[in-house]
Number of protein chains: 2
Amino acid sequence: MAASRKLPMNKHNLLPLLAQHVLAHGLGGASLRPLAKASGTSDRMLVYHFGTKEALIADLLGYLAGAYAAALDAAMGSERAATRGQALARILRHARSEAMRPFMQLWWEIVAGAARGLPGYAPAAHAMMADLLAWLEGQMPEGDPDPAGGARYLLTLIEGTLMLAAIGHADTAQAGLRAGLLAGGPAPS
Amino acid sequence: MAASRKLPMNKHNLLPLLAQHVLAHGLGGASLRPLAKASGTSDRMLVYHFGTKEALIADLLGYLAGAYAAALDAAMGSERAATRGQALARILRHARSEAMRPFMQLWWEIVAGAARGLPGYAPAAHAMMADLLAWLEGQMPEGDPDPAGGARYLLTLIEGTLMLAAIGHADTAQAGLRAGLLAGGPAPS
DNA sequence: AGCATCATGTAGCGATTGCTACAAGATCGT
DNA sequence: ACGATCTTGTAGCAATCGCTACATGATGCT
């Protein structure tokens, strides 16, 4: 009679399960009944706890933004890179890893929602980028002449590369990075 | 008795009207009956002509890709830029213009669909990027040492900038561009 | 103990979804 | 003129949508 202790069902316990579901199935098609089943409750109770589906999504996006920041710190060390190119290569390798694919698929949905002004999307997207930017600043090489600007420059390149990769232009982005970084440092692997 | 001639109702005449509707209201929420009303027909006939909603969306994405290429040629001259930075500034100014906003909102939806593997999305996204890349290659300055690589580099920067702008990080991208282009040319306006 | 608040299940409502069966014009080849 | 094919309207179906009314158990305060 050890295992299944009954957890209290509240937002706090629900959100990770909801997040897992949208990571697997996307935000767009997420409707109350499937979300409820995935989190072991009923649509009735989701509305009870969150008030509205719209509010649920907003809460969920906030949770995802927090989880992203935590995962970022956990997955990647915080030692500085030796060059900008190395920092770039490091983060790209992580972002394109198998483990990150569900998140990347979700990410572009969040971007689309933010671009269209859906409630809750823009703040979450903004927060995640701010976290990534902060982490990038800490990654900038020791003697970098402009760490703040460099991090922003790298962020722009990273997001452009990831978008091109998402639509099947990974080779284009890779060629672009090689061509663009020849002046400033070694090309990323 | 001049004006309203009855056009034959087929894919060819329907697609522009459908495109106008998804530009205004998005792809995600697009359902047959609203699409039908927007194009002056019935859901019944949309299914008759396209076979399936999925096929309709795929056709529509193909049409949009073609329309994008045409609009790109029409809206922007084909004279070369003087510097890479100027080419970058030129295309960014266009992409962020008021007229392009509906398209940019739609664009991120297409990217999200492509990332998730929805049928028809990836080919359309890929085609639009190929068109933009080709146009960019023609824009590269006269004596550029590596026009092909440079165009790919600029494309990566452009898409990163546009994504950051879409989620409210336009300033971050702008700072990044300034920091990144100091070595290679003047910062874009 | 009794009462009040919280938590949850059951059932359902009206709207919308993609799609289809059926029938009736419309058009056209012969 | 006649039959065949193309085009279109009407009506509806089963599924799903977000959400709610109602009732009932659980919990906790006094």
Side-chain angles (χ1 to χ4, degrees), chain A residues 1 4-19 21-22 24-63 106 109-110 112-113 116-121, chain B residues 1 4-19 21-22 24-63 106 109-110 112-113 116-121:
Chain A
M1 53 186 16
S4 74
R5 177 76 67 86
K6 182 73 176 302
L7 288 180
M9 188 182 315
N10 48 27
K11 290 188 184 185
H12 182 263
N13 296 114
L14 249 17
L15 282 173
L17 302 169
L18 297 173
H21 181 264
V22 301
H25 301 90
L27 268 166
S31 45
L32 286 180
R33 270 166 268 241
L35 282 172
K37 183 165 298 184
S39 53
T41 179
S42 64
D43 58 331
R44 169 69 179 73
M45 289 313 293
L46 289 183
V47 175
Y48 176 74
H49 284 300
F50 294 93
T52 280
K53 186 199 171 184
E54 183 175 293
L56 184 155
I57 296 294
D59 273 9
L60 181 51
L61 289 171
Y63 170 79
L106 192 59
E109 265 187 282
I110 295 174
R116 219 165 259 287
L118 304 188
Y121 283 70
Chain B
M1 52 183 20
S4 74
R5 176 77 68 84
K6 181 73 177 301
L7 287 181
M9 187 183 315
N10 48 27
K11 290 187 183 186
H12 183 264
N13 295 115
L14 248 17
L15 282 173
L17 301 170
L18 296 173
H21 181 263
V22 301
H25 301 91
L27 268 167
S31 44
L32 287 179
R33 269 166 267 241
L35 283 172
K37 183 164 298 183
S39 53
T41 178
S42 65
D43 57 331
R44 170 69 179 73
M45 289 314 292
L46 288 182
V47 175
Y48 176 73
H49 284 301
F50 294 93
T52 279
K53 187 201 169 181
E54 183 176 293
L56 184 155
I57 297 293
D59 273 9
L60 181 51
L61 289 171
Y63 170 79
L106 192 59
E109 264 187 281
I110 295 175
R116 218 165 260 287
L118 304 187
Y121 282 70

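So you know, we letter chains A, B, ... as the sequences are listed, proteins then strands, and number each from 1.
- Partners of B:Ala30 under the side-chain contact (heavy atoms from CB on, under 4.5 Å) rule, at least two apart in sequence or in another chain, are B:Val22, B:Leu35.
- Going from atom CD1 of A:Ile57 over to atom C1' of D:dG18 covers 12 Å, rounded to whole Å.
- Rounding to whole angstrom units, CG of residue A:Leu46 and C1' of C:dG9 are separated by 14 Å.
- For the salt bridge (Lys or Arg N to Asp or Glu O under 4.0 Å) test, residues two or more places apart in sequence or in another chain that qualify with B:Lys11 are B:Asp59.
- Nucleic acid contact for B:Ala36: none, since no nucleic acid atom lies under 4.0 Å from a heavy atom of the residue.
- By the salt bridge (Lys or Arg N to Asp or Glu O under 4.0 Å) test, A:Arg33 is found to be paired with A:Asp43, residues two or more places apart in sequence or in another chain being considered.
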A:Leu56/A:Leu18 under side chain to side chain contact (heavy atoms under 4.5 Å, CB included): CA gap, chis, key distance, verdict: CA-CA 9 Å; A:Leu56 184 155; A:Leu18 297 173; 4.2 Å; yes
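- Every pair passing ring pair (Phe, Tyr, Trp, His ring centres under 6.0 Å) that includes a residue from residues 25-63 of chain A is listed here, sequence neighbours excluded: A:His21-A:His25.
- Protein atom NZ of B:Lys11 is 12 Å distant from nucleotide atom P of D:dT7, rounded to whole Å.
- Residue A:Glu109 holds its CD atom at 10.0 Å from CG of A:Leu61, rounded to the nearest 0.5 Å.
- In this structure, B:Asn10 atom CG and D:dT8 atom C1' are separated by 14 Å, rounded to whole Å.
- A:Leu32 places its CG atom 11 Å from the P atom of D:dT20, with the value rounded to the nearest Å.
- For DNA chain C, the residues of residues 47-56 of chain B within the heavy-atom distance limit of 4.0 Å (strictly under) are B:Thr52, B:Lys53, sorted by number.
- Rounded to an integer number of Å, the gap from B:Asn13 CG to D:dT8 P is 11 Å.
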Collect all protein-nucleotide pairs involving nucleotides 9-12 of chain D in which both atoms are nitrogen or oxygen and the distance is under 3.5 Å.
{"unit_1": "D:dG9", "atom_1": "O6", "unit_2": "B:Arg44", "atom_2": "NE", "d": "3.0"}
{"unit_1": "D:dG9", "atom_1": "O6", "unit_2": "B:Arg44", "atom_2": "NH2", "d": "3.2"}

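- With sequence neighbours left out, B:Ser31 forms a side-chain contact (heavy atoms from CB on, under 4.5 Å) with B:Pro34.
- Between A:Ala24 and B:Arg116 the shortest heavy-atom distance is O-NH1, 4.0 Å.
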